[in-house]
Amino acid sequence: MSSHRNRTRRLLAASAVVTTMGAACALAGASPAVAGGEFFVAASAGDDGNPCTAAEPCRTIGHAVAIADDGSRVSVAPGTYAETVSIDKRLRLRGDDAVVDATGHDNGIVVRGPSAAGTRIRGFTVENANAEGILADSTSDLGIFHNELRNNDRTPNVASPPQCAAQGEVPGDCGEALHLMGVSFSRVVGNEIRNNVGGILITDETGPSHGNRIAHNITRDNVEDCGITLPSHNAMATTDPAKAGVYDNTVVDNLSQGNGGAGVGMFAPFPGTASYDNRVIGNTLLDNGEAGIAIHAHAPGENVAGNVIKDNTVGGNGVDPDAGSGNPVGIALLNADPATTPGEIIAANHVSDEFWGIFINGSFAIRGLGSNHFDASVATPVGHHS
């Protein structure tokens, strides 16, 4: 995607999961699992030889997760937990002023596989991961609520996961702070994501990402990449939506400000990829390094049709180099396939402090264009280049 031009430093860390910590695995048989019960963790007062009760809590989150049965709740007391937490079952993970410090690890919290569907993660600070702070892979029906992610996606590594590979004209996505990869029908709500390399990333390397709701989050000052990004990285996306594609996601009522890339981006970087039928509604997109909102089809044989951009507040954003805007732009569209005309809805957006209000490079069929509101600070409300 276009914002990843800003990555000059990276062959990013492997975001393949570090499976549950060795110490936790070694002790997994020490305490009996309680089906559907509640497990307690306390960094200061706990011990992983304990049964993880309120009276005798565990010391690490990973140990409690390892012994918990499907459907259990893991309650984590205030403190700092220097570990990676790997979840492969349905759990409710609740932090009370709890910090997951992933220094030296690829990830902070990982949720992986169909058996983890229905997991909830709430109330954590996740920081200092080499790659993603929170990674969700090949699962569904997640709830990621009211967490803070900071200083993640930090450190290059020799190993490189598939999402770090270059995607056609675009350098690879290496996870960002919060990554949904092959995830469906999940909610990411009320999180604050700041001072990472990038914010929220939704991709399809391991399967389609669709039906997700990204709402009421703050993605601020993520210095190299986009605030919220929906790029397709799987060449099967245009032919089989059961196997790939980023579609039918809703991005609503978020603040994306001061990020290095676009505020929100939907990108198809090489033939066969598809980011389509997504809705970007009611967001505030300010002072980002590239366009406030961007839709890019970089080559023939891609699908970016059917996206809806409506009722957003957009202002003070930068140049979109891939779209060729040349000047700061609120909403930027690129279609490099002369044989197609993607249909989009761009309606009732409020744009200020830009050279271009809306910049269009290539052929698009746009509904609602006349309903957008441009402040006097917008030099050219709508511009075309093809």
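Relative ring orientation between His296 and His298 is described as perpendicular, the plane-to-plane angle rising above 60° on a 0-90° scale split at 30° and 60°.
In terms of heavy atoms, Leu369 sits closest to Ile358 at CD1-CD1, 3.7 Å.
Salt-bridge check for Asp141 with Arg120: passed, with a basic side-chain N closer than 4.0 Å to an acidic carboxylate O.
No side-chain donor-acceptor contact under 3.5 Å links Asp337 to the backbone of Asn335. Put simply, the side chain of Thr219 never gets that close to the backbone of Ile193: no donor and acceptor are under 3.5 Å apart. Listed for the Glu344 side chain is no donor-acceptor partner under 3.5 Å among the backbone atoms of Phe364. In this structure, the side chain of Asp47 engages the main chain of Gly49 through a donor-acceptor pair within 3.5 Å. Thr139 places a side-chain N or O within 3.5 Å of a backbone atom of Gly113 that can act as its donor or acceptor partner. At distances below 3.5 Å, not a single donor-acceptor pair connects side-chain atoms of Asp287 with backbone N or O atoms of Asn317. Of the possible polar contacts, one joining the Asn234 side chain to the Asp204 backbone as a donor-acceptor pair under 3.5 Å is found. Formation of a donor-acceptor pair under 3.5 Å by the Thr53 side chain with backbone atoms of Glu56 is found in this model. Looking at Asn372, its side chain does come within 3.5 Å of a backbone N or O of Asn349 through a donor-acceptor pair. Between the side chain of Asn259 and the backbone N or O of Asn222, at least one donor-acceptor pair lies under 3.5 Å.
When each of Leu180, Val85, Leu149 is checked for a side-chain contact (heavy atoms from CB on, under 4.5 Å) with Ile134, only Leu149 meets the rule. With Asn249 as the fixed residue, the side chain to side chain donor-acceptor pair (under 3.5 Å) test singles out one of Asn212, Asn307, Asp277: Asn212. Partner Ser72 forms a side-chain contact (heavy atoms from CB on, under 4.5 Å) with one of Val65, Leu91, Ile67 and no other, that one being Leu91. In summary, of the residues considered (Asn327, Val314, Asp375), a side-chain contact (heavy atoms from CB on, under 4.5 Å) with Glu354 occurs for Val314 alone. Results of the side chain to side chain donor-acceptor pair (under 3.5 Å) test with Asp101 over Thr80, Asn128, Thr125 single out Asn128 as the only residue that passes. Each of Val251, Ile293, Ile228 was compared with Met266 under the side-chain contact (heavy atoms from CB on, under 4.5 Å) criterion, and only Ile293 meets it. Considering Arg90, Lys89, Arg92 as possible partners of Asp70, the one that fulfils the salt bridge (Lys or Arg N to Asp or Glu O under 4.0 Å) test is Arg90.
The ring of His233 has its center no closer than 6.0 angstrom to the ring center of Phe270.
Side-chain contact check for Asn151 and Glu127: no donor-acceptor pair (N or O, by modelled atom type) lies under 3.5 Å. Under 3.5 Å, the side chains of Asn195 and Asp221 contain no donor-acceptor pair of N or O atoms. With hydrogens and angles left out, the side-chain atoms of Arg213 and Thr250 include no donor and acceptor closer than 3.5 Å. Checking Ser377 against Ser352 by side-chain atom types alone, no donor-acceptor pair falls below 3.5 Å. Side-chain atoms of Thr273 and Ser232 form no donor-acceptor pair, as typed in the model, at a separation below 3.5 Å.
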**Request:** Would you check, one step at a time, whether the test salt bridge (Lys or Arg N to Asp or Glu O under 4.0 Å) holds for Asp137 with Arg112?
**Result:** CA-CA 5 Å; Asp137 178 17; Arg112 174 164 279 152; 2.8 Å; yes
**Asked** Can you list the steps and then say if Arg220 with Glu192 is a salt bridge (Lys or Arg N to Asp or Glu O under 4.0 Å)?
**Response** CA-CA 8 Å; Arg220 184 195 297 270; Glu192 183 173 354; 5.3 Å; no
**Request:** Evaluate the criterion ring pair (Phe, Tyr, Trp, His ring centres under 6.0 Å) for residue pair His146 and Phe124; output intermediate values, then yes/no.
**Result:** CA-CA 8 Å; His146 303 292; Phe124 288 89; over 10 Å; no
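The shortest distance between side-chain heavy atoms of Pro231 and Thr203 falls below 4.5 Å. Using a 4.5 Å heavy-atom threshold, the side chains of Cys58 and Phe40 count as separate.
In this structure, CG on Asn130 lies 5.5 Å from CG on Asp106, to the nearest 0.5 angstrom. Separation of atoms CG (Asn107) and CD (Glu132) is listed at 5.0 Å; rounding is to 0.5 Å. To the nearest 0.5 Å, the span separating CG on Asp225 from CG on Asn196 amounts to 10.5 Å. Leu142 CG to Thr119 OG1: the interatomic distance, rounded to the nearest 0.5 Å, is 6.0 Å. Between Thr239 atom OG1 and Asn303 atom CG the span is 11.5 Å, to the nearest 0.5 Å. From Phe39, atom CZ reaches atom NE2 of His63 across 9.0 Å, with rounding to the nearest 0.5 Å.
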